Amino acid sequence: MTRVQLSRLPGERVLITGGGVEDQLDLAALPAYVRAREDDPAVAPRWVWDDTARWYPPLLAAGVRVARCHDLRLCRRVLRRAPAVDGRLLDGDESAHWDRLGPAAAPAHPTLFAADETSEHLRADLEDARQLAAVAASTEATRLGLLLAAESAGALAAAEMTYAGVPWRTELHERLLTDLLGPRPLRDALPPVLDELVAEVRRTFGAPGLNPESRTDLLDALGRAGVDVPDIRASTLRQVDHPAIEPLLRYKKLAHLFQTNGWTWLDEWVSGDRFRPSYQPAGSSTGRWSSNGGGALSFPVQVRSAAVADEGWVLVVADVAQLEPRVLAGMSRDSALARAAQGADLYQGMVADGAVATRQDAKLGLLGAMYGATSGESGRMVAGLTRRYPAAFALVDEAARAGERGQVVRTLLGRGSPSLGGSWDEEPDGPPSDLQALDRRRRAYGRFTRNFVVQGTGAEWALCWIADLRNRLWRLGGTGAIDRRPHLVLFLHDEVVVHAPAALADDVAAELEQAAAGAGRLVFRDFAVDFPLSISVVSSYGDAGKDKRKAGT
DNA sequence: GTGGTTTGCGCC
DNA sequence: AAAGGGCGCAAACCAC
């Protein structure tokens, strides 16, 4: 595979390097250049650039789609933390700038201040050579190479999803809001239903000026009513018997909708009947994505019914049942757990295996093992399951112990956990309470590393899944721009949504399955683990997974 | 006033 | 029902 590095030069120029050849062109001429090379698979290269979020959106806007890339910023971060990489191989010209590089700002929110001039014009070819050398010299070259390719493909998918957007019916969303909250209020005012609820809460508490958002106000009012609670969480309040609680909880729920996914959210994030969130690949240290605008990874079930496919199109929604337990089975090569994972419901498989009495016990025990539960029913369940699935439970326990010793752990493909900085092994010289604090910190980091290995490898499986999927969808589509073919519009850790012409729904479903199976083989090689999908073909996202929910837990 | 932290709730 | 990991976001809160 040819690699072509793109670097920005001063004066809106682009430096093109690769295969010992150098060339320059105007930035404005880049889309045509890239399109020409992409059109011929024989010469389509892997494009190497500092940041996909900086290079790809203008290409997409010009109607140019790219098959492969190498995102130097993301990959450098992976290599910097990877235990199997000799960090000295990453040092060299401009390397301090590369280390400091942050993500490019989303196009919708350009930075107010110009980025520093040098970091805009870094030499991609020099950095690419360092990264290739670092991978080649590693004992984990194959796995790291896969991780870097997946990470980069994910960055392409993220840019494409932001470009295409989730089809969104503004009028449906507005109707939903008006039904629950009343008409849209004037600036700074509360919608009528919330207004009325505030009045009711104040009346019932006999507290005229009470602010239901204020912890202090609520604790005072509850105190006067003879109720003593440690906090004002909904789950705590639900156990309190007082006539103000019911309207208060109703207020909290509706106020949250109003504040986070109300009219203001619509104004800011939905335009032209598309919701365009901004993703940040590997925004979490485990490699999971985060979202720094629009809240794509956390928009509530409540408003999903406003995501509706275009006329003649459908949404194909697929999610992996119990991704992380399956990943744990694969990475630990625990054949008993892998056997339980055959079929649609891993927890039920554990029951059939005779390991536990009920599905709920299986779930509690496995989640407890992955999250580090020590007490309660979950903790007790963990002990029993350790005997049935020794390899799986040993893997997470070893990760936890490594964390407690202050050591770095790694995912299956080699992503390293962040280290704790220098103060870890300092001798505590304070009173005994400091020792206790240190111990708590140690345990907390152990729970983090315990979860890191599973969550991080799960993220790697998911990256491989969407990386393969986006190319499969592209091949399905015939001709035309990316949003005129079947294309990804949403990715939520273990779930994807594809927007596709209705006639292609079955083909999309088949590609989803094949990509999932392929991801399992890529990550776990010869150790077979099932990754069954539940797939819904729907017009409205709100209708997805209904059967599953009905049957679930 | 501003900026950073805490709290509570949404998602996986 | 809560417990354990990772996030984002909005408002309250607190220090400056």
Side-chain angles (χ1 to χ4, degrees), chain A residues 188 190 194 210-219 229-239 248-249 251-262 264-265 268-269 277-304 319-325 327-328 360 363-382 396-397 399-400 403 409 411 415 417-418 440 443-459 461-462 490-496 541 545 553:
Chain A
D188 293 341
L190 281 184
L194 287 184
L210 177 142
N211 173 5
E213 306 272 355
S214 164
R215 182 192 158 76
T216 322
D217 284 11
L218 284 177
L219 288 176
V229 284
D231 56 65
I232 54 161
R233 289 192 190 94
S235 57
T236 307
L237 294 178
R238 253 188 285 278
Q239 310 182 18
L248 176 59
L249 291 178
Y251 169 86
K252 275 170 155 289
K253 192 155 187 62
L254 291 174
H256 191 261
L257 172 66
F258 171 62
Q259 286 153 358
T260 61
N261 293 100
T264 312
W265 181 89
E268 186 170 7
W269 296 105
S278 129
Y279 293 96
Q280 194 179 320
S284 154
S285 63
T286 59
R288 271 195 181 181
W289 293 11
S290 61
S291 152
N292 52 10
L297 280 69
S298 65
F299 69 85
V301 178
Q302 220 173 358
V303 300
R304 291 187 185 183
D319 72 89
V320 194
Q322 307 118 10
L323 172 62
E324 287 173 357
V327 162
L328 175 57
Q360 181 64 12
K363 188 175 176 179
L364 276 172
L366 260 187
L367 291 181
M370 292 189 298
Y371 290 155
T374 52
S375 60
E377 206 175 328
S378 183
R380 282 194 295 281
M381 214 47 79
V382 170
V396 284
D397 274 345
V409 296
T411 61
R415 191 188 303 268
S417 63
R440 273 198 303 274
R443 287 175 190 279
Y445 189 66
R447 284 194 299 276
F448 169 64
T449 52
R450 170 193 290 271
N451 185 255
F452 179 94
V453 293
V454 180
Q455 187 184 121
T457 306
W461 181 92
L490 199 65
F491 171 53
L492 300 170
H493 308 303
D494 60 359
E495 174 173 354
V496 297
Y541 190 17
T553 53

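Source: prediction; values computed, not measured. So you know, we letter chains A, B, ... as the sequences are listed, proteins then strands, and number each from 1.
- Protein chain A contacts DNA chain C from dA1(C) to dC13(C), reading 5' to 3' and using non-hydrogen atoms of the protein with a distance under 4.0 Å.
- Distance alone, capped at 3.5 Å, is enough to place a donor-acceptor pair between the Thr449(A) side chain and the Gly446(A) backbone.
- With sequence neighbours excluded, the residues forming a side chain to side chain donor-acceptor pair (under 3.5 Å) with Thr286(A) are Ser284(A), Gln455(A), listed by chain and number.
- A search for side-chain contact (heavy atoms from CB on, under 4.5 Å) contacts involving Thr236(A) returns Val229(A), Pro230(A), Asp231(A), Arg233(A), not counting sequence neighbours.
- In terms of the side chain to side chain donor-acceptor pair (under 3.5 Å) criterion, Asn261(A) has no residue partners (sequence neighbours excluded).
- Position along DNA chain C of the nearest nucleotide to Asp217(A) versus Ser291(A) favours Ser291(A) as the more 5'-ward residue.
- Among the heavy atoms of the strands lying under 4.0 Å from Gln239(A) are primed sugar atoms or P, OP1, OP2 only; no base atom is included.
- Among the heavy atoms of the strands, none lies under 4.0 Å from Gly365(A).
- Applying the side-chain contact (heavy atoms from CB on, under 4.5 Å) test to Arg447(A) and every residue at least two apart in sequence or in another chain returns Arg443(A), Ala444(A).
- Residue contacts for Gly283(A): at a heavy-atom cut-off of 4.0 Å it reaches no nucleic acid atom on any strand shown.
- Residues that satisfy the salt bridge (charged side-chain N to carboxylate O under 4.0 Å, His left out) test with Arg288(A), not counting sequence neighbours, are Glu324(A).
- Nearest-nucleotide positions on DNA chain C place Phe448(A) closer to the 5' end than the other of Phe448(A) and Ser214(A).
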Discussion item. Return a single string for nucleotides 1-12 of chain B, one symbol per nucleotide in 5' to 3' order, where B is base contact, S is sugar-phosphate-only contact and - is none, cutoff 4.0 angstrom on heavy atoms.
Written reply: ------SSBBSB
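- Residues passing the side-chain contact (heavy atoms from CB on, under 4.5 Å) test with Ser298(A): none are found, sequence neighbours excluded.
- Annotation: side-chain contact (heavy atoms from CB on, under 4.5 Å) contacts of Ser290(A) (sequence neighbours excluded): Gln280(A).
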